[in-house]
Amino acid sequence: MSRPLFQATPGTRDLFSPHTDRMWELVEVFRDEAMLAGFAQIIPPMFEDIAVFTRLGESTDVVTKELYDLEDNGGRRLALRPEFTASVCRAYVQERPLIPWKAWYAGPAFRQERPQRGRYRQFDQVGAEVIGSHDPDIDTEVIALAASFYRRIGLNQVVLLINTLGDQADRPRYLEALRGHFSADLDSLSEQSRHTLEANPLRVLDSKRPADADLVAAAPLLIDYVSDDAASAFQRVQGGLRALEIPFTIAPRLVRGLDYYTRTAFEFASSALDAAQNAVGGGGRYDGLVADLGGPEEPGVGFALGVDRTLLACDSEGVFDPQPASPQVWVVAATAGTEALQLTAELRRAGLSVNRSFDGKSMKAQMKAANRSAAPVAVIVGDQEVADDTVSLRLMQGDGNQAVVARREMVSKVKELLQL
RNA sequence: GUGGCCGUAGCUCAACUGGUUAGAGCAUCGGGUUGUGAUCCCGAAGGCUGGGGGUUCGAGUCCCCUCGGUCACCCCA
């Protein structure tokens, strides 16, 4: 077998029907949940001035090495969005909707990294952001939105991990302590982590390398270094989650990969996923980001959920498997005229979903196609029917009852058969 | 960017330590039914075994290169 001349570029893929149906359905459920919670949809552009994203942080891989950057004809430097949060904040600064502004979104994002299971260069996210409120109850509400979404699509084995990262002002003291801790035993740290320690000590806590496990486990905890304000906000979020009966686990070493997070950070992980990429969603508070993008000092909090990973989790839990709808009617053409064309159009005008075969297939082939389509009713038009101004209606289930009806009664008879 | 595994029909896979003409299931098309589906029976079509080089009397099988896929590290959704 020779490979096709062109293939989808690495990390991208063509999604076909049962999968695309699921995706739409998933977004539909998310949309419904978001609207119930008072979020309005935003559709930001897929690319932005590259600076919008580079503001996200010098030590964030997502912007330092994974960004798709492009140059337009005018020499403008653009980048495909690696996530939505920065775009949403930029849009807020630009348009200044009333606060607190609650926005949800769905769409693709792009990162240039090595693809693997559950990680693609173009991937879909759904998410929600709230800009303009410090209230920790908003954090809880945002988490609750994600949680009820997971519940509604049927996922049970999703665990919520939460942590607080404190305020920007708390950061230096903690980083100091972290550096001290790791530097004291640099030799037992993996080489990669030594690198990470230089660039961003926080991220060392994220290391999954076995070599680092002991040292990471013994590291000082963020919670001991955060301001009273941030600590009590964290308490409030926990209390809110308990009040809503949303189970959670405190993960004192959860730091997340984007630099802009402050205070509440959270992650949803699927315990049903044995792949390495088991984080199905994540988010947190980003109180300095809007200002970093040139806006007012407005706080923000939000999350993004990975559509593909969520679907993978659904696969391994065996839930959320909506089937593509089959047509209600299959038209079988056993005549050379244009009758099949007309009948099909007429049925569709009546609001029925209709499909048929083309290319002069044999009747047998058309019946097979009708059967395969799972359409409950076949409308057959041949020379005899044309001559008599009738059509034959065949019930495709059971013994295949068939009846000849007058052409002008076709629509009502079909609807009768479909019990509409 | 680094490493492991894998490339055989449209899809999923066979082919003993290298040995004639590379097989099967599903799907497709045709026939059994000159206008009738799932089932059943018969048949057809479909392959430069990813590509290139090498070893050998002989390579799908062994070696090298290359391209591609995949999983993992890193990082993240």
Side-chain angles (χ1 to χ4, degrees), chain A residues 1-11 13 16 59-66 81-85 106-127 146 190-193 195-196 199-200 203-204 206-212 255-258 267-270 273-283 303-313 330 332-335 357 359 361-386 392-402:
Chain A
M1 167 194 68
S2 57
R3 249 179 283 111
L5 226 202
F6 294 109
Q7 295 185 73
T9 265
R13 64 254 208 267
F16 285 84
S59 62
T60 303
D61 284 357
V62 167
V63 312
T64 53
K65 46 185 215 198
E66 298 172 4
R81 65 178 175 221
E83 57 136 30
F84 283 74
T85 306
F110 307 85
R111 294 179 194 175
Q112 274 197 74
E113 39 186 354
R114 195 76 146 231
Q116 67 189 71
R117 185 171 166 78
R119 190 174 69 186
Y120 307 97
R121 289 182 172 181
Q122 176 179 334
F123 59 101
D124 278 87
Q125 291 188 328
V126 296
S190 71
E191 191 183 326
Q192 264 171 327
S193 286
H195 261 271
T196 311
N200 188 342
R203 201 74 43 75
V204 177
D206 233 358
S207 167
K208 285 183 231 158
R209 283 173 290 272
D212 300 334
V255 295
R256 311 206 35 79
L258 285 327
E267 193 167 292
F268 292 92
S270 167
L273 234 39
D274 54 356
Q277 314 301 334
N278 68 345
V280 293
F303 64 81
L305 312 183
V307 170
D308 307 293
R309 289 185 189 179
T310 300
L311 255 18
L312 281 177
W330 194 272
V332 173
T335 176
S357 306
D359 297 298
K361 298 282 189 200
S362 70
M363 177 137 187
K364 180 170 178 155
Q366 293 189 62
M367 289 303 293
K368 279 174 110 162
N371 183 63
R372 190 170 41 230
S373 80
V377 174
V379 172
I380 301 166
V381 56
D383 294 336
Q384 191 61 53
E385 284 84 353
V386 172
S392 293
L393 302 187
R394 184 178 178 87
L395 210 46
M396 295 301 286
Q397 303 109 327
D399 51 359
N401 260 326
Q402 191 165 325

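By convention in this document, chain letters (A, B, ...) are assigned in the order of the sequence lines, proteins followed by strands, and residues within each chain are numbered from 1. All values below come from the heavy atoms of this structure, side chains included, with hydrogens, waters and symmetry mates left out.
- Remark: P of B:C11 and CZ of A:Phe16 are 11 Å apart, rounded to the nearest angstrom.
- Following rounding to the nearest Å, A:Ile380 (CD1) and B:G35 (P) show an atom-to-atom distance of 13 Å.
- The C1' atoms of B:U12 and B:C74 are separated by 33 Å, rounded to the nearest whole Å.
- Shown here is A:Arg117, whose CZ atom has no more than 12 heavy atoms of other residues, nucleotides or ligands within 6.0 Å.
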Distances for protein N/O vs nucleotides 25-30 of chain B N/O pairs under 3.5 angstrom?
residue	atom	partner	partner atom	Å
B:U28	OP1	A:Arg372	NH1	2.0

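- Along RNA chain B, the nucleotide closest to A:Ala375 and the one closest to A:Gly282 are compared, and the more 5′ of them pairs with A:Ala375.
- For the pair A:Lys364 NZ and B:U33 P, the computed distance is 10 Å after rounding to whole Å.
- Scanning atom types as modelled, one donor and one acceptor separated by under 3.5 angstrom connect the side chain of A:Gln402 and the base of B:U36.
- On the P atoms, B:U8 is 14 Å away from B:G69, given to the nearest whole Å.
- For B:U21 and B:U49, the C1' atoms lie 15 Å apart once the distance is rounded to whole Å.
- Using a distance-only test at 3.5 Å, with no hydrogens or angles considered, no donor-acceptor pair links the side chain of A:Gln402 to the main chain of A:Ser392.
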For RNA chain B, please output the secondary structure as dot-bracket, reading 5' to 3'. Pairs are Watson-Crick or G-U wobble, both atom distances under 3.5 Å; mark crossing pairs with [ ], other-strand partners with |, unpaired with a dot. (((((((..((((.....[...)))).(((((.......))))).....(((((..]....))))))))))))....

Does A:Asn278 form a side-chain hydrogen bond (donor to acceptor under 3.5 Å, both in side chains) with A:Ser270? I'd like the steps, not just the answer. CA-CA 6 Å; A:Asn278 68 345; A:Ser270 167; over 6 Å; no

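- Straight-line distance from the CE atom of A:Met363 to the P atom of B:G31: 14 Å, rounded to whole Å.
- A:Arg121 places a side-chain N or O within donor-acceptor distance of the main-chain N or O of A:Glu113, the cut-off being under 3.5 Å.
- Between the side chain of A:Arg309 and the main chain of A:Ala279, a donor-acceptor pair closer than 3.5 Å is present.
- Looking at heavy atoms from C-beta onward, A:Pro108 lies in side-chain contact with A:Arg81 at the 4.5 angstrom threshold.
- With B:G35, B:A38, B:C75 as the choices, the nucleotide that has an atom nearest any side-chain atom of A:Asn371 turns out to be B:A38.
- The distance from atom CZ of A:Arg394 to atom P of B:U36 is 10 Å, rounded to the nearest whole Å.
- Here the P atom of nucleotide B:C75 and the CZ atom of A:Arg203 are 8 Å apart, to the nearest Å.
- Within 4.0 Å (heavy atoms only), A:Glu385 reaches at least one base atom of the nucleic acid.
- As rounded to whole Å, 24 Å separates atom P of B:C75 from atom CZ of A:Phe110.
- The distance from atom CD1 of A:Ile380 to atom CD of A:Gln366, rounded to the nearest 0.5 Å, is 9.0 Å.
- Comparing the same atom, C1', in B:A15 and in B:U61 gives a spacing of 9 Å after rounding to whole Å.
- A:Ala370 comes within contact range of no nucleotide atom at all, as no heavy-atom separation falls under 4.0 Å.
- The residue among A:Asp383 and A:Val280 whose nearest nucleotide of RNA chain B lies closer to the 5′ end is A:Asp383.
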Using a 4.0 Å heavy-atom cut-off to protein, can you give one letter per nucleotide of nucleotides 69-74 of chain B, 5' to 3': B if the base is in contact, S if only the sugar-phosphate is, - if neither? S-SBBB

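- Side-chain atoms of A:Arg13 do not come within 3.5 Å of backbone N or O of A:Ala8 as any donor-acceptor pair.
- Atom CZ of A:Arg309 and atom P of B:A77 are 8 Å apart (whole Å).
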